[in-house]
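Provided herewith is a single structure, encoded as structure tokens, for subsequent inquiry.
Below, chain A is the first sequence line, B the second, and so on; all start at residue 1. Every value quoted in this text rests on a predicted model; they were computed, and no experiment measured them.
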Protein chains: 2
Amino acid sequence: MTHTYQTDGAAIYRQSFATIRAEAELARFTPDDEPIAVRMIHAAGMVELAPYLRFSEGFSAAARAALAAGAPILCDARMVSEGITRARLPADNRVICTLHEDNVRDLAAMLGNTRSAAALELWRPHLAGAVVAIGNAPTALFHLLNMLQDPACPRPAAIIGCPVGFVGAVESKDALWADQPVPCCIVQGRLGGSAITVAALNALASRAE
Amino acid sequence: MTHTYQTDGAAIYRQSFATIRAEAELARFTPDDEPIAVRMIHAAGMVELAPYLRFSEGFSAAARAALAAGAPILCDARMVSEGITRARLPADNRVICTLHEDNVRDLAAMLGNTRSAAALELWRPHLAGAVVAIGNAPTALFHLLNMLQDPACPRPAAIIGCPVGFVGAVESKDALWADQPVPCCIVQGRLGGSAITVAALNALASRAE
């Protein structure tokens with residue numbers, strides 16, 4: 001028997017967001033952060049994500065202003081950079097992922113770190129005023145925090161820090177939340193990942209639902 | 001203060017998988033399915049994913065054999081196709097995502113369906129013996145099931161069916177599990193997504209951890 005199902009993309013979004021707003025605990029979010037939280041929950045398929053979301057004061061304003069002004073978006077993984085919906089970007093912003101550039105493997109060996117961390121060295125020329133989206137590697141987030149301890153390192157406008165997993169994810173996000181070198185958002189704990197990170201960026205890029 | 005953290009990629013994987021094997025309920029999985037489950041849990045950052053994973057009998061054997069024989073991998077989204085680790089593929093397999101091809105928007109309008117579903121019409125020449133990886137759109141999975149109700153439609157070797165979300169995800173995965181047109185794996189319920197789907201494919205592609 002042929003399966004029947006909702007085939008209208010706009011209706012799917014509408015019903016999804018209505019379900020999230022009916023089921024998730026969203027009261028503690030500011031009106032600016034709430035649509036970001038909703039999209040992150042949507043990407044995860046988990047209303048249970050809500051209590052783990054943290055947005056620093058001024059995060060969404062800083063990130064939205066940077067994107068509107070044409071800031072580049074710096075991503076730690078291709079799954080992040082490829083997930084960003086180009087049509088939502090307010091200024092045809094550049095989306096940059098340096099992970100697969102030729103010299104990253106050598107750089108990683110030289111630094112004694114992962115390729116994900118080493119790739120951030122290639123962000124330096126783009127980092128001033130950028131929006132950072134880290135959705136995979138805890139080592140990338142830790143390396144960024146260490147780079148930013150040098151006052152001479154250019155500052156991004158905002159950091160989405162949502163690496164996922166069992167080694168370093170909890171610790172790197174706690175470190176970002178403690179340091180707060182610039183406005184940021186995190187998912188506390190092990191949860192995170194490219195889809196949740198992309199969702200936060202897509203929410204910041206446009207208010208359209 | 002500079003943050004210190006585990007910077008050895010191999011050690012990060014080793015510690016992550018050891019944590020998962022210590023914490024997750026994996027006893028019910030066959031030896032063939034267990035490493036797939038571990039990688040899916042790893043990608044999700046959730047040992048709580050384990051009870052929702054379902055592998056049909058013969059799924060991993062069918063998918064591994066297809067990949068070894070050079071089968072193409074058909075993905076519903078760029079986040080899936082970009083996440084697959086090319087170095088793990090046993091036969092330099094083609095990774096195909098048709099979502100952004102020129103005629104998909106017109107095809108979607110003609111079919112009265114989403115672009116994600118319409119894009120699968122372009123899979124037909126590649127579908128025989130392929131490994132399907134659906135990690136985003138419930139409408140893609142539903143459309144594939146309807147395509148496969150036509151006995152003249154070519155059969156893939158195996159289906160990873162892990163769309164995520166609040167509208168159609170539960171239902172499309174339940175439909176796949178009920179139909180079982182070919183060997184398959186699913187995440188029951190709302191959970192799923194591109195990272196979990198990629199993890200299953202990467203586990204099937206190589207036994208290396």
Side-chain angles (χ1 to χ4, degrees), chain A residues 1-9 11-13 15-20 23 41-47 77-83 108 111-117 135-139 142-143 145-146 149 163-169 171-172 175 179 189-195 198, chain B residues 1-9 11-13 15-20 23 41-47 77-83 108 111-117 135-139 142-143 145-146 149 163-169 171-172 175 179 189-195 198:
Chain A
M1 209 185 64
T2 302
H3 300 287
T4 57
Y5 54 97
Q6 178 56 269
T7 57
D8 175 346
I12 292 169
Y13 269 99
Q15 289 173 29
S16 297
F17 288 8
T19 300
I20 292 165
E23 293 186 20
I41 290 167
H42 179 244
M46 281 181 77
V47 294
R78 295 269 300 164
M79 286 186 72
V80 177
S81 59
E82 286 299 314
L111 295 170
N113 208 325
T114 64
R115 287 194 302 125
S116 293
N136 184 41
T139 55
F142 268 131
H143 192 65
L145 292 176
N146 284 347
Q149 292 198 351
V164 59
F166 297 89
V167 174
E171 296 81 357
S172 64
D179 286 11
R190 290 173 172 177
L191 297 175
S194 47
V198 162
Chain B
M1 209 185 63
T2 301
H3 300 286
T4 58
Y5 55 97
Q6 178 56 268
T7 57
D8 175 348
I12 292 169
Y13 269 100
Q15 290 172 30
S16 297
F17 288 7
T19 299
I20 292 165
E23 291 186 21
I41 290 167
H42 179 244
M46 279 181 78
V47 294
R78 296 268 301 163
M79 285 186 73
V80 177
S81 59
E82 286 299 314
L111 295 171
N113 208 326
T114 63
R115 287 194 302 125
S116 293
N136 184 40
T139 55
F142 268 132
H143 192 64
L145 293 176
N146 284 347
Q149 293 200 350
V164 60
F166 297 89
V167 174
E171 297 81 356
S172 64
D179 286 10
R190 289 173 173 176
L191 297 175
S194 47
V198 162

Problem - Chi angles and distances behind the side chain to side chain contact (heavy atoms under 4.5 Å, CB included) call for Asn113(A), Tyr5(B) - result: CA-CA 10 Å; Asn113(A) 208 325; Tyr5(B) 55 97; 2.8 Å; yes
Fill in the blank from the handout: Residues Val167(B) and Ser16(A): closest non-hydrogen pair is CG2-OG, 3.4 Å
Exercise for the section: Could you look at Ala108(B) and say if it's the side chain, the backbone, both or neither that has a heavy atom under 4.5 Å from chain A? Expected result: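 Neither; nothing under 4.5 Å.
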Problem - Side chain, backbone, both or neither of Thr19(B) within contact of chain A (heavy atoms, under 4.5 Å) - result: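 For Thr19(B), side-chain heavy atoms alone lie under 4.5 Å from chain A.
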Problem - Residues forming a side-chain hydrogen bond (donor to acceptor under 3.5 Å, both in side chains) with Arg190(B), sequence neighbours excluded - result: Glu23(A)
Handout entry: Proximal component of Gln149(A), with respect to chain B [non-hydrogen, under 4.5 Å]
Key = side chain
Exercise for the section: Tell me, yes or no, whether the heavy-atom count around Phe17(B) atom CZ, taken from other residues, nucleotides or ligands under 6.0 Å, exceeds 12. Expected result: yes
Problem - Interchain contact, Ala43(B) with chain A, by part (heavy-atom threshold 4.5 Å) - result: backbone
Exercise for the section: Any chance you could lay out the side chain to side chain contact (heavy atoms under 4.5 Å, CB included) test for Phe166(A) and His42(B), step after step, and finish with the verdict? Expected result: CA-CA 7 Å; Phe166(A) 297 89; His42(B) 179 244; 4.2 Å; yes
Problem - Under 4.5 Å from a heavy atom of chain B, the part of Ala169(A) involved - result: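 Looking at Ala169(A), nothing touches chain B.
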Fill in the blank from the handout: If one checks every heavy atom of Val47(B) against chain A at 4.5 Å, the contacting part turns out to be both
Exercise for the section: Let me know if Asn136(B) has heavy atoms under 4.5 Å from chain A in its side chain, its backbone, both or neither. Expected result: neither
Handout entry: Pairs of heavy atoms under 4.5 Å with chain A: top-ranked of Asp179(B), Val80(B), Val198(B), Asp8(B)
Key = Asp179(B)
Exercise for the section: Search all heavy atoms of Ser194(A) against all heavy atoms of Met79(B) and return the closest pair with its distance. Expected result: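 Scanning both residues completely, I find the closest heavy atoms to be OG-CE, 3.7 Å.
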Exercise for the section: Identify which of His3(A), Glu82(A), Arg78(A) forms the greatest number of heavy-atom pairs closer than 4.5 Å to chain B. Expected result: His3(A)
Handout entry: Engaged part of Ile41(A) at the chain B interface, taking heavy atoms whose separation is under 4.5 Å
Key = both
